[in-house]
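As the structure lists them, so they are numbered: ligands from 1, and atoms in each ligand from 1.
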Amino acid sequence: MRELLSEQMIQTRVRELASEIRRDYEGKKPLLIGILKGSFVFLSDLIRELNMDLEVDFMATSSYGDATTSSGVVALTKDLDVAIEGRDVIIVEDIVDTGLTLSYLCRTLDQRLPSSLAVCALLDKSARRETEVQVDYCGFDIEDGFVVGYGIDYAQKFRHLPYIAIIEEEVHE
Ligand code: IMP
């Protein structure tokens, strides 16, 4: 396992993303939707850096399970507790990989007529995209490879790491 993004690098970038979002949503009360489980650490740091009037809710989609490749099938396993019609919604994702999850989420949420819908993702593996999705606030564009830490898991492990690491082939197998 090799460190890809240090705790310091993440903290600096989260602070920058927060100031962009705070500026763009001035005078508004955005609803941040964390996509479970991978985004919970990012979301909790982001809202404390945002330090503005906001609300938080969560959604969960079917995950990779213990495998490291996507089946391409996305299902909603936990829906929101609140209605989003007329709200300024920001989806908060850990990683955008093929884009299939995000594309499904955007379509689902768009149908509920939010006033605006934006995406904030900590990591973007843009080279692996299979469907076009717009990431409005992106933390880091990263190389291909399986990453863990800062809330992101491999078979439910490594979420507690304060940094982001890339798993080398031996563990990946
Ligand atoms: P997509 O639908 O292919 O864009 O996949 C997005 C989801 O797959 C992310 O929200 C993660 O939960 C998971 N994922 C993608 N790449 C990784 C990775 O490198 N490590 C852990 N989870 C990942």
Side-chain angles (χ1 to χ4, degrees), residues 1-7 9-11 13-14 17-18 21 30-47 56-80 84 89-112 117-173:
M1 208 149 70
R2 156 172 74 84
E3 183 173 303
L4 184 68
L5 301 166
S6 70
E7 202 174 346
M9 286 165 79
I10 297 169
Q11 193 189 81
R13 191 66 189 119
V14 170
L17 289 174
I21 294 173
L31 172 67
L32 276 71
I33 301 181
I35 309 305
L36 295 171
K37 300 175 192 167
S39 73
F40 78 101
V41 175
F42 174 42
L43 180 70
S44 67
D45 280 348
L46 185 68
I47 59 170
V56 170
D57 202 350
F58 293 96
M59 279 177 118
T61 54
S62 60
S63 73
Y64 287 170
D66 287 354
T68 53
T69 48
S70 174
S71 60
V73 179
V74 182
L76 201 60
T77 55
K78 189 220 170 293
D79 205 341
L80 297 171
I84 61 165
V89 172
I90 306 175
I91 298 176
V92 179
E93 256 286 28
D94 54 352
I95 309 174
V96 186
D97 186 14
T98 61
L100 292 169
T101 306
L102 192 55
S103 145
Y104 168 81
L105 286 168
C106 288
R107 267 182 283 126
T108 304
L109 294 180
D110 251 337
Q111 285 168 1
R112 300 181 190 180
L117 181 62
V119 173
C120 174
L122 179 66
L123 307 176
D124 190 351
K125 296 183 190 171
S126 55
R128 286 183 34 90
R129 203 70 92 248
E130 286 175 23
T131 180
E132 203 184 313
V133 284
Q134 187 176 326
V135 180
D136 305 274
Y137 306 96
C138 169
F140 302 91
D141 200 282
I142 58 165
E143 60 197 272
D144 187 13
F146 204 82
V147 295
V148 295
Y150 197 67
I152 301 165
D153 76 308
Y154 170 68
Q156 301 305 322
K157 291 187 292 192
F158 309 118
R159 290 195 202 274
H160 61 284
L161 298 178
Y163 54 88
I164 290 177
I166 190 152
I167 290 191
E168 311 290 358
E169 282 308 313
E170 336 64 273
V171 193
H172 198 158
E173 291 299 302

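Annotation for ligand 1: atoms under 4.0 Å from non-hydrogen atoms of Thr98 are 1 (P), 2 (O), 3 (O), 4 (O). Within the listing of ligand 1, atoms 2 (O), 4 (O) sit less than 4.0 angstrom from a heavy atom of Leu100. For ligand 1 and Glu93, the ligand atoms under 4.0 Å from any heavy atom of the residue are 10 (O). Near Thr101, with a cut-off below 4.0 Å to any heavy atom, the atoms of ligand 1 are 1 (P), 2 (O), 5 (O), 6 (C).
Not a single N or O atom of Ile152, backbone or side chain, sits closer than 3.5 Å to an N or O atom of ligand 1.
Of all the heavy atoms of Asp94, the ones lying under 4.0 Å from any atom of ligand 1 belong exclusively to the side chain.
Ligand 1 has Asp153 within reach: a non-hydrogen atom of the residue lies less than 4.0 Å from it. Proximity of Gly145 to ligand 1 is established by a heavy-atom distance of less than 4.0 Å. Taking a 4.0 Å cut-off on heavy atoms, Gly99 registers as neighbouring ligand 1.
The closest side-chain heavy-atom distance from Asp124 to Phe140 is not below 4.5 Å. Side chains of Ile33 and Leu109 form a contact here, defined as non-hydrogen atoms less than 4.5 Å apart.
When Arg129, Lys125, Lys37 are checked for heavy-atom proximity to atom 16 (N) of ligand 1, Lys125 turns out nearest.
Between Tyr154 and Phe146, the ring planes are perpendicular. Angles over 60° get that label, and only those under 30° would be called parallel.
With hydrogens and angles disregarded, no donor-acceptor distance shorter than 3.5 Å links the side chain of Ser39 to the backbone of Glu93.
Residue pairs meeting the salt bridge (Lys or Arg N to Asp or Glu O under 4.0 Å) criterion with at least one member in residues 35-46, sequence neighbours excluded, are Asp45-Arg48.
For the side-chain hydrogen bond (donor to acceptor under 3.5 Å, both in side chains) test, residues two or more places apart in sequence or in another chain that qualify with Asp141 are Ser126.
Among Val92, Leu105, Asp94, the single residue meeting the side chain to side chain contact (heavy atoms under 4.5 Å, CB included) criterion with Ile35 is Leu105.
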